[in-house]
Amino acid sequence: MRSAERRLHRPTQIPANPSAPPVVRGTAQDDDSQAPEPVNDRELIGRVLAGDPGAERALYDAHVDRVFRLVYRMAGDLDRAQDWVQETFIRAFDRLAGFRGESALGTWLCSIAVSVSLNGLRQVRRARDREVGLDDAGPLGHQPVQADPDLRTRLGQAIEALPDGYRAVFVMHDVEGYTHAEIARALGVQTGTSKAQLFRARARLREALADFARE
């Protein structure tokens, strides 16, 4: 098992900040223009397990962009995304010897990233709940009138408000282009569950953005 000191030397480079809100795709196809150069994951895994630090960096570089985009969409915050991406790869390298190749390495990394992100989101919500006291709450039934932000901002907010499962499936399928089969393997659910959660997520987003549709 690798020591904590070894972990400190793992790659820490983070891709450029994808500051634009998510653009929902019409189909679940990957953007080939952003695909990394093909790598032999199986070969790299063997070299990493043999103690080759160059292979560890190569494996990280081959997958970090897609993992980061997914985690960033889940986190909705750059600092949290950076922390959760690092936690994802720390866990992945620690568990790499147990990777059996039943799914693609990218899908396996995605499952770890989603788990880290969902746990992080729960911690964020608990922290927010502790910070909100009765004195901070407005009168019951009263909500201040605010100017509507633009559609892209509202979409980002609506995605953030989705239940964890819906949010994970929606981000993975409609934003990042994962197939339902990949999502099912990553989340440990049936493909039918993935499809059902996507349907419900889209319905909630349509409801949240209904006022834009009427304009």
Side-chain angles (χ1 to χ4, degrees), residues 10-11 14-15 18 22-32 34-36 38-42 44-45 48 56 59-77 80-125 156 159-202 204-205:
R10 286 188 175 147
I14 292 295
V23 176
V24 179
R25 302 183 181 190
T27 58
Q29 296 178 347
D30 294 336
D31 185 352
D32 293 338
Q34 296 182 352
V39 296
N40 187 327
D41 285 334
R42 182 62 64 183
L44 286 177
I45 290 171
V48 170
E56 186 174 293
L59 199 64
Y60 176 95
D61 287 343
H63 294 279
V64 67
D65 284 346
R66 198 175 192 198
V67 169
F68 180 75
R69 288 198 306 270
L70 172 63
V71 173
Y72 179 82
R73 301 307 188 195
M74 293 287 293
D77 177 88
R80 285 199 295 265
Q82 289 175 331
D83 289 342
W84 296 351
V85 166
Q86 291 306 305
E87 179 62 23
T88 294
F89 278 95
I90 287 173
R91 292 190 187 186
F93 282 120
D94 283 343
R95 301 174 184 176
L96 196 57
F99 175 65
R100 294 177 293 180
E102 295 177 351
S103 62
L105 180 63
T107 301
W108 182 71
L109 289 170
C110 168
S111 68
I112 298 174
V114 170
S115 176
V116 169
S117 298
L118 292 179
N119 287 335
L121 287 170
R122 293 184 191 107
Q123 292 174 4
V124 169
R125 291 193 185 103
I159 292 173
E160 185 175 355
L162 289 172
D164 290 342
Y166 296 3
R167 182 177 182 177
V169 171
F170 178 83
V171 169
M172 291 176 69
H173 187 279
D174 280 9
V175 179
E176 291 301 323
Y178 289 87
T179 67
H180 283 295
E182 290 174 321
I183 295 169
R185 286 193 294 269
L187 301 183
V189 299
Q190 299 296 318
T191 56
T193 301
S194 174
K195 292 176 181 179
Q197 289 188 327
L198 178 63
F199 176 83
R200 293 165 186 153
R202 288 172 173 172
R204 292 202 179 196
L205 293 177

Asks: Once rounded to the nearest 0.5 Å, what's the spacing between atom CD1 of I159 and atom CZ of F170?
Replies: 4.5 Å

Asks: Could you tell me whether the side chain of L162 reaches within less than 4.5 Å of the side chain of L205, counting heavy atoms only?
Replies: yes

Asks: Is there side-chain contact between D41 and H63, with at least one heavy-atom pair below 4.5 Å?
Replies: yes

Asks: Can you name the closest pair of heavy atoms from M74 and S117 and give their distance?
Replies: CB-CB, 3.9 Å

Asks: In Å, rounded to the nearest 0.5 Å, how long is the span from CG of L198 to CE of M172?
Replies: 11.5 Å

Asks: Just verifying a value: how many Å separate F99 CZ and R95 CZ, rounded to the nearest 0.5 Å?
Replies: 13.5 Å

Asks: Kindly state each residue pair satisfying salt bridge (charged side-chain N to carboxylate O under 4.0 Å, His left out) with at least one member in residues 114-123, sequence neighbours excluded.
Replies: R122-D164

Asks: Please step through side-chain contact (heavy atoms from CB on, under 4.5 Å) for the pair Q86 and R91, ending with a clear verdict.
Replies: CA-CA 9 Å; Q86 291 306 305; R91 292 190 187 186; over 6 Å; no

Asks: Quick one: salt bridge (charged side-chain N to carboxylate O under 4.0 Å, His left out) pairs with a partner in residues 99-119, sequence neighbours left out?
Replies: R100-E102

Asks: Sequence neighbours excluded, which residues qualify as side-chain contact (heavy atoms from CB on, under 4.5 Å) partners of E160?
Replies: R128, R167

Asks: Rounded to the nearest 0.5 Å, how far does OH of Y60 lie from OG1 of T88?
Replies: 10.0 Å

Asks: Hey, can you pull the donor-acceptor pairs under 3.5 Å for the side chains in residues 105-115, sequence neighbours left out?
Replies:
unit_1	atom_1	unit_2	atom_2	d
S111	OG	W108	O	2.6

Asks: Under 4.0 Å between a side-chain nitrogen and a carboxylate oxygen: does that hold for E176 and R66?
Replies: no

Asks: Quick check: closest heavy atoms across V64 and F89, and the distance to 0.1 Å?
Replies: CA-CZ, 3.8 Å

Asks: Out of curiosity, L70 CG to W84 CH2, how far, rounded to the nearest 0.5 Å?
Replies: 11.5 Å

Asks: Between R80 and A75, which heavy-atom pair has the shortest distance, and what is it?
Replies: NH2-O, 3.2 Å

Asks: Strictly by side chain to side chain donor-acceptor pair (under 3.5 Å), give each pair with a member in residues 184-201 just once, sequence neighbours left out.
Replies: H180-S194

Asks: Rounded to the nearest 0.5 Å, what separates atom CG in L187 from atom OH in Y178?
Replies: 10.5 Å

Asks: Is any side-chain heavy atom of L96 less than 4.5 Å from a side-chain heavy atom of I45?
Replies: yes

Asks: Tell me every residue that passes side-chain contact (heavy atoms from CB on, under 4.5 Å) with D83, counting only those two or more places apart in sequence or in another chain.
Replies: none

